[in-house]
Amino acid sequence: MCYNTWKKVDFLVKRGIVMSILDGLNSEQREAASIIDGPVLILAGAGSGKTRTITYRIAHMILEKEISPSSILAVTFTNKAAKEMKERVEKLAGEHGTRVLVSTFHSFGVRMLRTYSEKAGLMPNFNIYDAGDQRSVVSKIMKSMKMEAKEVSKLTSKISKLKEEGVTPDEYSGYAYSVQEKNFVEVYRKYCEELKRNNAIDFSDILLYTNILFKDKEILERAQDRFRYIMIDEYQDTNKIQYEIVKKLASKYRNICVVGDEDQSIYRFRGADIKNILDFEKDYKEAKVVKLERNYRSTDIIVESASAIISKNISSKGKKLWTDKKSSHKIKLYEAYDAAAEAEFIVKEIEKLKEAGKEFSDFTILYRTNAQSRLFEDSFRKKSIPYKIYGSIEFYQRKEIKDIMAYLCVINNQNDSLSLARILNVPARGIGDTTIEKLEKFREAMNVSLYYAIKNCDAVNELSPAVKTKLKSVAMLFESWIEKSEYDTTSDIVKDILEKTSYIEKIEENEREERGRNIQELINGIIEKESETGYISLQDYLEEMSLVSGTDNLEESEKAVKLMTIHSSKGLEFPVVFIAGMEEELFPNSKSNVDNEELEEERRLCYVAITRAEEKLYLTYSKQRSIYGITSYYRVRSRFIDEIPNKNIEFVGSEGKVIEAFAETDSFEDQNYMKNMEFLFSKKKSAPAEDDYRIGDMIVHKSYGKGKIVGIEKLKEKKDDNDKLKIQFFESGEKSFRRGMLERFIIN
DNA sequence: CTGTCGTTTATTTTT
DNA sequence: TAAACGACAG
């Protein structure tokens, strides 16, 4: 409905014919949207019209409560969600809608940081580092500390996690006792220093600094007075620091409305804390709680099945999702001989349904891990069916794109030594590792940027004259680009970079076409933005590029089958959904076998996957699958399948025949029992050899059944037999055994 | 400084 | 299995 329509509605309202904008909502949604003052918690089940409720709420505030649109802040997690919400608000509230700030947490933060950069100890032209940049910094530091550059990703994510929990290196050093931990603190500290030197921030910093800015009373109060009405979407996925930012911002007027679904919290591994939503009522005692339980998306079979699965979770607030969409389509379950057969079945099924009148774009295949997409690609290509994979290798993570971006980063911010080091010899221009090392040493000693070191390379004695000439010519190039950036468009600068460096010509021939195409796509993207807004500054462009992700450009119009991980499907809906790889160890993931919280997260993931489907849902699994080159046989179907009421499932055999006696095939428990038996009677009963146990090994104990080794405690005596094994049994909980005492049968 | 060969090591990833 | 990285020879 457009603004003009609302003018008409307004007219009708005055005549008493229509009461309010909110008449476009059902009674629960209306209740949620009509409470404007004070804290509100909206628990919105999957497909319950969450976005509709929020946008109507905003329109209601502006048009009927005469609240100034610029005092409304709506925070989402993805740019896509922000864009969609913004569009819908503008449709409802017209011009007023454009003044509402709809933003992601991160772009809100960057906005604050650009305004108050000095207060955060930054220069306003700071660059934003992504995960790859973070890893490069960490690995460089580790090398400089003569540490083995192992587990870089682990350390990097640990740093991010600590930052987002607000723990500084100094604070953490108090907890670091082991050598390893002490080294880590050093890496962490140096990492922070390096970013500062480069005038760069990472994603966690955006939130961290924002939170720090809000410790300044004046800044906080200005923000509070500006944004008197706050709405947070997907609140179940907020982490600690986001929680704190929100808390500060809302503390003055307490007009905070959070929307979320604890059953769809799937980013725990990234620091999302489900407690934020579960404890909202404790934080805001006067909070009103509204549940949206009517699902408009899916059929009754799908809704009922999803609810049945999620009811197994303890950490649920207990919504009762319902729908009046009756359906005759049961969930189809297919058991494949191997993973290739699984893919083939799905492709055949898609062909069949296409003949019956569906479009390719109606189908979506969901899987737990990205690696699973390969098989489907092969099958689709064989049949030349159009398909599109979302979120596998992000566009902007490609080498050529990152290279160009690095050039731009240096032009924007000469302190960014990381970006400069990346492209100093790209394309190859005879500046090798040794040269870079010498320069690094120099800049370390003089405490200057790499850029400065290159510009003044005459002062570096160890460098040969030939190298100095090369370095100076690079510096000259950058000088010219920096000058250019004052008056030229970003797209022209990119073109100039390509030209002056012969970047494309120097790509290896067999890769030139594809990479060249990607670069062209990048340029087209810039030109598009420039034509939209007239002009986009280098800084704004870089900012946008670092905050926008690959899943944002999911184009609806494309007539292709969609493939994506379950994670990236959140918030989306599709007519026909296939969930592939419904197997134990894969989904739920093997790591969740021991940790119940992990298992609950997997279950929520399953809930998300199922509730994406509007009409038809297929679950498939395979008896064989190779993972990392090792083929595992006799795979057991996912326990989640058995958590769905039997009557909702139709078992389809490998020939596509319907087999009635689905219930009689082996369930997770049955198969486990069989497996136990198999191993009890197998010859693998030999006494344990040295180093035969590893954490994660499956074992079967005579009286306690199947379990997993979760810990090995080395005792001081040298006898391995005295090692204590901590075992988590599926049935009887955690128990410890002396290695020598244990009768065991390792399964895998 | 560049290219090749063997070794290593694997979820999920809104920003 | 396959990609990505580090060591070493040219």
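Every chain is numbered from 1 and lettered A, B, ... according to where its sequence line falls, protein lines coming before strand lines.
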Please give, in whole Å, the distance from B:dT11 C1' to A:Leu366 CG? 16 Å

Among B:dT15, B:dT13, B:dT11, which nucleotide has an atom closest to any side-chain atom of A:His567? B:dT13

Separation of B:dT13 atom C1' from A:Lys80 atom NZ, nearest Å, is 17 Å

Between P on B:dT14 and CG on A:Leu207, what's the gap in Å once rounded to a whole number? 15 Å

Suppose we screen for salt bridge (charged side-chain N to carboxylate O under 4.0 Å, His left out). Which residues come up paired with A:Glu602, at least two apart in sequence or across chains? A:Arg368

Under 4.0 angstrom, heavy atoms only, what part of the nucleic acid is A:Thr76 near: base, sugar-phosphate, or nothing? nothing

Is it true that A:Ser160 and A:Ser157 share a donor-acceptor pair across their side chains at a distance under 3.5 Å? no

Once you apply a heavy-atom cut-off of 4.0 Å, does A:Asp237 come out as touching a base, just sugar-phosphate, or nothing? base

Measure from the side-chain heavy atoms of A:Arg374 and tell me the nearest of B:dT2, C:dA3, B:dT15. C:dA3

Interatomic distance, CG@A:Leu213 vs CG@A:Leu113, rounded to 0.5 Å, equals 5.5 Å

Taken to the nearest whole Å, CD/A:Glu377 to P/C:dT1 is 18 Å

Base, sugar-phosphate or nothing for A:Phe105? Non-hydrogen atoms, less than 4.0 Å. nothing

OP1 or OP2 of B:dT12 sitting under 4.0 Å from any side-chain N/O of A:Tyr367? no

A:Ser568 side chain N/O closer than 4.0 Å to the phosphate oxygens (OP1, OP2) of B:dT12? no

Working to the nearest 0.5 Å, report the span between CZ of A:Phe105 and CG of A:Asp233. 10.0 Å

Pairs touching residues 465-475 of chain A that satisfy side-chain hydrogen bond (donor to acceptor under 3.5 Å, both in side chains), sequence neighbours left out: A:Asp458-A:Lys472

Is any side-chain N or O of A:Asn239 closer than 4.0 Å to OP1 or OP2 of B:dT15? no

Using a 4.0 Å heavy-atom cut-off across all strands, classify A:Leu605 as base, sugar-phosphate, or nothing. nothing

Could one point to a donor on the side chain of A:Arg270 or the base of B:dT15 with an acceptor on the other under 3.5 Å away? yes

Respond yes when some side-chain nitrogen or oxygen of A:Asn370 is under 4.0 Å from OP1 or OP2 of B:dT13, and no when none is. yes

So does A:Thr434 get a side-chain nitrogen or oxygen closer than 4.0 Å to the phosphate oxygens (OP1/OP2) of B:dC1? yes

Hey, which sits more toward the 5' end of DNA chain B by its nearest nucleotide, A:Leu586 or A:Lys570? A:Leu586

Measure from the side-chain heavy atoms of A:Phe203 and tell me the nearest of B:dT11, B:dT15, B:dT13. B:dT15

Measure from the ring centre of A:Phe269 to the centre of the six-membered ring in the base of B:dT13, then say whether that distance is under 5.5 Å and the planes meet at under 30°. no

Lys NZ or Arg CZ of A:Arg135 over A:Tyr129 ring: under 6.0 Å, within 45°: no

Below 4.0 angstrom from OP1 or OP2 of B:dT15, is there any side-chain N or O of A:Asn79? yes

If you pin A:Ile566 and A:Ile431 to their nearest nucleotides in DNA chain B, which one's is more 5'? A:Ile431

Whole Å only: how far is the CZ atom of A:Arg135 from the P atom of C:dG6? 13 Å

Can a side chain N or O of A:Thr565 be found less than 4.0 Å away from OP1 or OP2 on B:dT13? yes

